[in-house]
There are 2 protein chains.
Amino acid sequence: MLDIAEVARRTGLAPSALRFYEKKGLLTPSGRNGLRRTYDPSVLSRLTMIICARRAGFTVAEIARFLGAGPADEVTRADLVSKARRLDEDIARLVRMRDSLDHAAVCTHEPLVECPDFKRMLAP
Amino acid sequence: MLDIAEVARRTGLAPSALRFYEKKGLLTPSGRNGLRRTYDPSVLSRLTMIICARRAGFTVAEIARFLGAGPADEVTRADLVSKARRLDEDIARLVRMRDSLDHAAVCTHEPLVECPDFKRMLAP
DNA sequence: CCTTGACTTGAAGCGCGCTTCAAGTCGCAC
DNA sequence: GTGCGACTTGAAGCGCGCTTCAAGTCAAGG
């Protein structure tokens, strides 16, 4: 069993963030030692997922919904798929943005912002 | 010349957002008609870039720095490149996340969250 | 037993990106 | 000329994702 400080250390999250996630339903300590939370080591991989999802732009509320998904929860499963399609769009946008920035590195255009190549890559 | 309502309509931004961006240095109205801002149509493509950058996760402050970049401003140009490399990481993360979600669509694992395939894709 | 310092709580605070509000100005159709 | 509705401003407010604070509890080492 891990205490909150240990979980914080191993995940890189602040203890306050762990309590915050718990309040939002992302996390449940497996028990208490007196008042103090104790965590099963499996919380670490759950937190790895949470951290990854957060960095991918999911809100805490979204993650809470997805983590609460039961096996036969087709609604949520459909949500995951539609999320995947939205990620396709996000990925495409990031790729265009990255290509624009890479172009910027070699572009000699006077105000860079006016470069047609640069601008063209930044359509909606 | 466009007025603020027209720019808002054409970009999908709220007039308040346009004033907000102006305050943050992303935007300058080309003039005033009395008190009222007037915009050159070129503001539209600038806003398209801004919107795209925002959606790509850039902060307003970052965009302000980049849009202020002069042609010989190598420091900022280097920043753009390092931003591009950070986008590579973001893209990789999003791709893994998307693949996980797509797997979720066909995965029959009992708590989906415990599926090894699902979890494996969500490493840092 | 007693200290001590890491934990506990709820509430308040913060930075970001805007939105909303109150109060005022004014271009323009009539 | 007059009215009105769309604009102007600065300040305050909001939702998100935490962090910080104040006050209190308590496990563990000496």
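Reminder, nothing fancy here: chain letters follow the sequence lines and each chain counts from 1. Just the heavy atoms: all of them, side chains too, but no hydrogens, waters or symmetry mates, feed the values below.
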Would you kindly give the [atom1]-to-[atom2] distance between [X] and [N], to the nearest whole Å?
X	N	atom1	atom2	value
K24(B)	dG15(C)	NZ	P	11 Å
F20(A)	dG15(D)	CZ	P	14 Å
L26(B)	dC16(C)	CG	P	14 Å
R54(A)	dG17(D)	CZ	C1'	6 Å
L13(A)	dG17(D)	CG	P	14 Å
L18(B)	dT20(C)	CG	P	14 Å

**Item:** For R36(B), salt bridge (Lys or Arg N to Asp or Glu O under 4.0 Å) partners two or more places apart
**Value:** none

**Complete:** Taken in chain and number order and not counting sequence neighbours, the residues that satisfy salt bridge (Lys or Arg N to Asp or Glu O under 4.0 Å) with D3(A) are none

**Prompt:** Does Y21(B) make a side-chain N or O approach to OP1 or OP2 of dG17(C) shorter than 4.0 Å?
**Reply:** no

**Message:** Do the side chains of R86(B) and E89(B) get close enough for a salt bridge, i.e. N-O under 4.0 angstrom?
**Reply:** no

**Item:** Residue mapping more 5' on DNA chain D - nearest nucleotide basis, A14(A) or G34(A)
**Value:** A14(A)

**Complete:** Sequence neighbours excluded, the answer for side chain to side chain contact (heavy atoms under 4.5 Å, CB included) partners of D40(A) is M1(A), S30(A), S42(A)

**Asked** Just by protein heavy atoms under 4.0 Å, how would nucleotides 2-13 of chain D read 5' to 3' in B, S and -?
**Response** ---BBSBB----

**Message:** Which nucleotide wins on minimum distance to the side chain of S16(B), given the candidates dT19(C), dA28(D), dC18(D)?
**Reply:** dT19(C)

Could you pull out every donor-acceptor pair under 3.5 Å between side chains of residues 48-56 of chain B and any protein atom, sequence neighbours left out?
unit_1: T48(B); atom_1: OG1; unit_2: L44(B); atom_2: O; d: 2.9
unit_1: R54(B); atom_1: NH1; unit_2: F58(B); atom_2: O; d: 2.8

Below 3.5 Å, can you tabulate the donor-acceptor pairs from side chains in residues 14-24 of chain A to any protein atom, sequence neighbours excluded?
unit_1: E22(A); atom_1: OE1; unit_2: R37(A); atom_2: NE; d: 2.6

